[in-house]
Every structure is written in C-alpha cells, then in structure tokens.
There are 2 protein chains.
Amino acid sequence: MYARGIPRPTLERLPRYLRALRRHEDAGEVFISSSRLGAEAGIEEFQVRKDLTHVEVTGRPSKGYPVGDLIAALRKLLGLTGQRDAIVVGAGRLGVALSQYPGFANYGFKIVGLFDSDPGKVGSVIGGLRVMPVDSMLEYLSHEGIAMAIITVPAEDAQGVADQLLEGGIKGIWNFAPVALDVPPDVYVRNEDLAIGLASLSYHVSRHRDR
Amino acid sequence: MYARGIPRPTLERLPRYLRALRRHEDAGEVFISSSRLGAEAGIEEFQVRKDLTHVEVTGRPSKGYPVGDLIAALRKLLGLTGQRDAIVVGAGRLGVALSQYPGFANYGFKIVGLFDSDPGKVGSVIGGLRVMPVDSMLEYLSHEGIAMAIITVPAEDAQGVADQLLEGGIKGIWNFAPVALDVPPDVYVRNEDLAIGLASLSYHVSRHRDR
DNA sequence: CTATGTGAAAAAGTTCACAGCG
DNA sequence: CGCTGTGAACTTTTTCACATAG
C-alpha cells in the first residue's frame, strides 16, 4: 500500500511478476489470482500477496488482481516510466552482450552509449552503437543526463571508471567487475560477480555428489 | 565449524572472501584479520567472523586467520576441488561471453562445450570452442559426466533445453532465460534474469530523483 | 464459495558486545 | 592487549491461518 522502503527480496521478485503479467495481458486476461501469478513466477501464493501489499493496487476477492492496473503500478514503482537510458563501460564480450541484450528492451531500458579505453575498439560500430573513448565519457554524461551505468571493465580499472561515472552524475551502477567499489552513500551499486554464480552451482552440485 | 546447510547469504559471500584471500596469498601474507578481510571484500568484520564459522578453519586470537588454510577450506567447501567443467547452451552474444568469461578460470571453472540449435552457428569455432548442435547434447553429456550447465537460450526454448540437460545427468543449472524452470527437487537451479538487475538500478535511481 | 489482505508466529539473518585465548 | 568466536538481541523476511469482502 505504500511505495517507500520496499524489502529487497520483494523488489527482486516484482520484475518477475511483471514478466508473467505481461503474458496474461497478451492473452487478453483481465484478472489473475495470486496462486496463478505465483505459479508462473515460481513463487508461493502467500508471498505474492504479501509482495503486492507494497503496490498501489488492490485485488478483488473471488477474482484476483486486475492485470492492467497491476502492470501499470509495477512499472511506476520500479521506475520504468521515467528516464531509462543507460551506458555500458567496457566493450569486451560481456559489455557487448549486455549492450545488445534483448531482455532490457522488454522493460523499456535502452543502452545508449558504449565506452572503452582500447583505441583498437573505439570507433567501431557494434550492434548499432559506436564505441566511444572512455576519455570522452564525462563530457558525454554531462550532456545526456543519464543516471545508470554498467561497468564491465577489468577489476583494476573499475574504481577509476566508477569515479568518472560519479563525476558525470551517475546515480546507479551495476558493477560486473569483481571488486568492491567505493562510492558515496547516495549512489546505488549493485555488484554482480558472475563467478559467484558458478561457485554457487558448484557448491550445490558437490553437496549433491556427497549424498 | 560444520559444512552442511550454509545460509544462502553466507554462501554468496564466501567467493568474495576467496578472491580477497588470494590477493593476500600472492602478497605472501600468512595471516589476515577479519577486519582486514572484511574491508577488502566490502563486508563488515563481524559478518566475516560469523560467516567463517561455517568453514573448517579457526582463526588465532591476535593474529587472524591462516590465509593458506582458509583458501583451501573455502575451495573445498565451495566444491572447487572436484569436477568443475560446465557447458553453455545458447551461442548468442551472452552465451559466447559467458563461455569465454575470464573470471571463471580464476575459480578453476572451465566451459568445455557450447551448444546451439541454429545450423548457421553450429560448426563455427568461437574462442577455441566449436559450437555443437543441441541435438547432440544428450550424447555428449552421457560421455562426459558433466554436472553443470548454463542456459542462455530464448525463454520459449529454455524448458526444452532443461529437460534434455536433466536427462543428460546435469545437477546444476544456471538459467539466464527469463522463465521459471520446472525441474526435480534434487537439481539446483539458479535463476539469473539480467533485466532484474537493471530494474533494481532503475528503482533506486528513481527513488533518488524523488527526494 | 473463492481469493484477498493482514495480524501473528516462525524462521532466517544481522548486529552487537564481550568473554576468552594466545 | 588484539582478535577470534559466539550467545543474545535485534531486525528482516517468510510462512501461516483466518477474518473479510464480493
């Protein structure tokens, strides 16, 4: 019912509801129950109801939640209505993959700039984006008013890049470099160390063997 | 002190300790304190100590934790000593990026197979890996005894791929397709919807604007 | 009779504070 | 002393159960 201070785990689940809801909208369904929504998102139904408590939408007993309204409310809540442009710093394989990742468009996100420090990469056009020199990043940001950036540079360069992003007014950083970034508290950093994903698989698989 | 049932958040932090510890080992340091380790991993020191409770290593008052022993224990705990080969299904940009991601090698992980259903991709060699047809995957798995797989195919193909992986004896799946997979309970699935990352940034950035 | 919304209970995880060991 | 290890307090999140609304 309120929009502030949503629990982190809830926040991670909201996009999954949104995804499932869109399929229902496409199918022309007007209401969806928490149990149905949960089944599609892989989440328990009472968790769904609890999560939706944080959204400005109320369900109807015997019917469920209004699909269209819920989508609109989730989009608003997740900030998917405002400025959604982001840049990628680091035109390696991962940076390139992310800069063209089709899944982002589904949420209205657009990668509008791709930067690299390698002169051999700068100037080339990758998937419709021209690779720009990192040196020009600050100037670029000062013109464009972009709030989100993705870092896919090597660990040793990440802090330097982050410093420039901050100077350029970036308020949210998705950091794929395996290093802890030092930023002021008003800037949100989401760390995504891909190796942790494999390590996690590895742990579970090895426990599996032990049994 | 025990190795079973480690809390999920702890498990996600262990690889970060491992990363920091290796830097210390390289620097020739024999002991490290929880405060130092925490600072490098970006984690509070009491959290570090609590987490290390789950590891078969004990620190020494006034000195800290033995770096070498701790590394060995973490590696063992995370299953980084056994079979660490994995395959990638889906040779799109993301699949290719992951199949060559240098960060995996740091943990001893190796991507040994790359599969795709597109005949136009099959047969080409990408970063030393030959793209193999998905049709041959089951046979491949039955020979190789691989336990981990990464799915980067489109959402609509993901369940079909997962079914084949299960049949091939895969016990851990890292799923980048934005869909909930249906698998038996003894198979571990880690879902990684990249759009959630951007949505999360977006939420925090938009709250930032509101203030 | 079905499905929401929510207090209350339970579980999980974090933080603290400090006893105790080298 | 310095730094670990951990019980206990606290906080957050999940789970449950059920009154309530259409």
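As the structure is a computational prediction, the values presented were derived from the model and not from experiment. So that the names make sense, note that chain A is the first sequence line, chain B the second, and so on, each numbered from 1.
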Should A:Glu56 and A:Lys76 count as an ion pair when the cut-off is N to O under 4.0 Å?
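Judged by the 4.0 Å cut-off on N to carboxylate O distance, A:Glu56 and A:Lys76 do form a salt bridge.
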Tell me, do A:Tyr188 and A:Ile173 make a side-chain contact under 4.5 Å, heavy atoms counted?
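Result no, sub-4.5 Å side-chain heavy-atom pair not found.
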Ignoring hydrogens and geometry, is there a side-chain-to-backbone donor-acceptor pair from [X] to [Y] under 3.5 Å?
X        : Y        : result
A:Glu12  : B:Ile196 : no
A:Arg84  : A:Leu80  : yes
B:Ser206 : B:Ser202 : yes

Ring centres under 6.0 angstrom apart (B:Tyr140, B:Phe115):
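Yes: the rings meet the under 6.0 Å criterion.
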Report which part of the nucleic acid [X] touches: base, sugar-phosphate, or nothing (heavy-atom distance under 4.0 Å, all strands).
X       : answer
B:Pro61 : base
B:Arg36 : nothing
B:Ser34 : sugar-phosphate
B:Ser35 : nothing

Length of the [atom1]-[atom2] vector between [X] and [N], whole Å:
X       : N      : atom1 : atom2 : value
A:Lys63 : C:dT4  : NZ    : P     : 13 Å
B:Leu52 : D:dC3  : CG    : P     : 15 Å
A:Phe31 : D:dA21 : CZ    : C1'   : 14 Å
A:Arg8  : D:dT11 : CZ    : P     : 19 Å
A:Arg60 : D:dG22 : CZ    : P     : 9 Å
B:Leu11 : C:dA12 : CG    : P     : 15 Å
A:Glu12 : D:dT13 : CD    : C1'   : 14 Å
A:Asp51 : D:dT12 : CG    : P     : 16 Å

Residues of residues 37-50 of chain B with any non-hydrogen atom less than 4.0 angstrom from an atom of DNA chain C: list those, numerically ordered, please.
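The stretch gives B:Phe46, B:Gln47, B:Arg49, B:Lys50 as the residues lying under 4.0 Å from the strand, ordered by number.
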Counting only side-chain heavy atoms from C-beta out, which of D:dT14, C:dT2, C:dG5 sits nearest to A:Thr58?
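Per side-chain heavy atoms of A:Thr58, the pick is C:dG5.
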Of the options D:dT13, C:dT4, C:dT14, whose atoms approach the side-chain atoms of A:Tyr65 most closely?
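For A:Tyr65, the side-chain atoms sit closest to C:dT4.
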Take the angle between the ring planes of A:Phe109 and A:Tyr107 and call it parallel below 30°, perpendicular above 60°, tilted in between.
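Taking A:Tyr107 first and then A:Phe109, their aromatic rings lie parallel (interplane angle under 30°).
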Would you say B:Arg13 reaches C:dT14's phosphate, i.e. side-chain N/O to OP1/OP2 under 4.0 Å?
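Yes, within the criterion.
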